[in-house]
Amino acid sequence: MLYSIRMRAAEGGPHEQGGHHISGAERLVTKEELEQISSELVHRALTHSKGCADFIRITIDAIPDEAIHRIPCLTIADEQTDGHTGEAQPTDGETAAQTTNHEVDAPTTTHEAAASPTNHEPADTTAEGNGLTTLPRILSSHQQAEALLTTHTAITPVAFRRAVSQLVSLPESMRGAMLVDMRTGQRLDPWGQRGVRVSRMSFADETAAITALNAAGYNGVHLEEALVLASKVLSAPGVVGELCISDDPDYTTGYVSYGSTYHRLHHMKPVGYPLGGRLFFVDATADIAAIKNYLETTVTLVNPPTFSLQGENHETL
């Protein structure tokens, strides 16, 4: 039997009472691991780059074996971007592998114009620009994200730009993700700032997964957790692709995922920028409530990643 342990941390009280989100994390662990993992999650909440939490909630549930769903891990492609501001540098001590077999992959409103990736002016991170609307105009990685998702899936350029426009118009980061129509970009979920929160997931063998990632030149908890989450998201019926920009101010690498591949995109925002978000592009005919139920409640173990080392060029970034 495994246990689902989940941590949510905020500053200024619980999230539901207006507290500022600091950190969230979870694991599926054995009974013997519970005490250690609980301590690690509390430490994370108290030492996060976004601040020191004064509200920490730890939730633990026993999970019967028959309730566990197993899925394959996405493969990793490391996309190279240029045209960035020069401010953003990957953190977390990550090493990024350069793969050689990458899956190569509107109406213009004020916000959509701001979200255009072709304008490379630095983002405003001053007090006057206190929303995600200050994020755009910075990086060619945004343009690359659009190209990857719209060239290799049914996601349309109009949908991508409209969805990004909605995301960057928010005054603060959502607690979960937006579900958006892959053809129109219209938001389909009715859950406001909460959105859809992907939960109850972990690597099936965390030690084996970390060993495989390290051997391929990758390390860091951001990548490990994002790879698990992205694998679960794409296993949901009706989900076609995902875009993610981290809300960690010290972590600037984002990603898009579709098919069976997780595409890492560097320099998705400037260092120190505190906001981010996730977009899940879905088929409008899909059952939105069923997608939410799967992503939030289905206990999911992700098999460790596998890599072909032939031809890889490792580069420290």
Side-chain angles (χ1 to χ4, degrees), residues 2 4-6 24-30 33 37 63 65 67-79 90 92-105 145 148-149 152-153 177 196-244 246 251 253-266 278-282 291 294-312 314:
L2 295 179
S4 171
I5 178 168
R6 304 179 298 282
E26 62 182 82
R27 300 284 189 277
L28 295 174
V29 301
T30 63
E33 295 172 309
I37 299 302
I63 307 297
D65 293 341
I68 297 174
H69 177 56
R70 292 177 179 267
I71 62 171
C73 185
L74 298 179
T75 59
I76 301 176
D78 226 284
E79 305 296 340
D92 201 32
E94 282 196 353
T95 314
Q98 314 291 322
T99 58
T100 58
N101 57 344
H102 293 179
E103 190 176 323
V104 177
D105 313 276
L148 286 167
L149 287 175
H152 305 289
T153 73
V196 176
R197 295 178 54 83
V198 187
S199 186
R200 293 171 172 80
M201 60 200 166
S202 189
F203 277 123
D205 186 334
E206 187 171 12
T207 299
I210 292 174
T211 298
L213 288 167
N214 290 348
Y218 297 100
N219 61 77
V221 68
H222 290 92
L223 172 61
E224 295 159 13
E225 293 180 346
L227 188 56
V228 169
L229 185 148
S231 296
K232 181 172 183 179
V233 169
L234 285 191
S235 72
V239 177
V240 176
E242 176 188 0
L243 176 143
C244 174
S246 174
Y251 190 73
T253 299
Y255 69 85
V256 297
S257 59
Y258 60 88
S260 61
T261 305
Y262 168 100
H263 297 261
R264 301 178 76 235
L265 295 167
H266 304 288
R278 282 189 165 90
L279 297 169
F280 298 165
F281 293 89
V282 304
I291 292 175
Y294 173 82
L295 292 176
E296 296 191 345
T297 68
T298 300
V299 180
T300 305
L301 287 177
V302 180
N303 293 330
T306 58
F307 295 92
S308 172
L309 298 180
Q310 183 178 1
E312 288 188 349
H314 297 260

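What you see is a predicted model; the values in this text were computed from it and never measured.
Applying the side chain to side chain contact (heavy atoms under 4.5 Å, CB included) test to V299 and every residue at least two apart in sequence or in another chain returns L28, I63, I68, R200. Contacts of A25 classified as side chain to side chain contact (heavy atoms under 4.5 Å, CB included), with partners at least two apart in sequence or in another chain: M7, R27, L41, R44, E225.
Contact record, S257 with L74: CB-CD1, 4.0 Å, taken as the closest heavy-atom pair. The two residues T298 and T300 make their nearest non-hydrogen contact at O-OG1, 3.1 Å. Between N303 and C73, the shortest heavy-atom distance links the atoms O-CB, 3.1 Å. Minimum interatomic distance between A208 and P304 (heavy atoms only, all atoms of both residues): CB-CG, 4.0 Å. Smallest separation of non-hydrogen atoms from V198 and E26: O-OE1, 3.9 Å.
Inter-residue side-chain proximity for L229 and R278 is flagged as met; some heavy-atom pair is nearer than 4.5 Å. A 4.5 Å side-chain heavy-atom check between Y218 and L227 finds every atom pair outside the cut-off. Contact annotation: the side chain of L223 approaches that of Y262 to within less than 4.5 Å [non-hydrogen atoms, C-beta and beyond]. The closest side-chain heavy-atom distance from V302 to M201 is not below 4.5 Å. E79 places none of its side-chain heavy atoms less than 4.5 Å from the side chain of Y255.
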Does the side chain to side chain contact (heavy atoms under 4.5 Å, CB included) test come out yes or no for V29 and L2, once each step is laid out?
CA-CA 5 Å; V29 301; L2 295 179; over 6 Å; no

Mind running side chain to side chain contact (heavy atoms under 4.5 Å, CB included) on I291 and V282 for me, showing each step along the way?
CA-CA 9 Å; I291 292 175; V282 304; 4.1 Å; yes

Check the pair T153, F281 against side chain to side chain contact (heavy atoms under 4.5 Å, CB included), reporting the backbone distance first and the verdict last.
CA-CA 10 Å; T153 73; F281 293 89; over 6 Å; no

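I76 CD1 to R264 CZ: the interatomic distance, rounded to the nearest 0.5 Å, is 7.0 Å. The distance from atom CZ of R70 to atom CG of L301, rounded to the nearest 0.5 Å, is 5.0 Å. Going from atom NZ of K232 over to atom OG of S202 covers 11.0 Å, rounded to the nearest 0.5 Å. Between the OG atom in S199 and the CD atom in E296 there is a gap of 7.5 Å [rounded to 0.5 Å]. Going from atom CG of L265 over to atom CG of L243 covers 8.0 Å, rounded to the nearest 0.5 Å. Rounded to the nearest 0.5 angstrom, H222 NE2 and S246 OG are separated by 5.0 Å.
A distance-only check finds no donor-acceptor pair linking the side chain of E206 to the backbone of F203 [under 3.5 Å].
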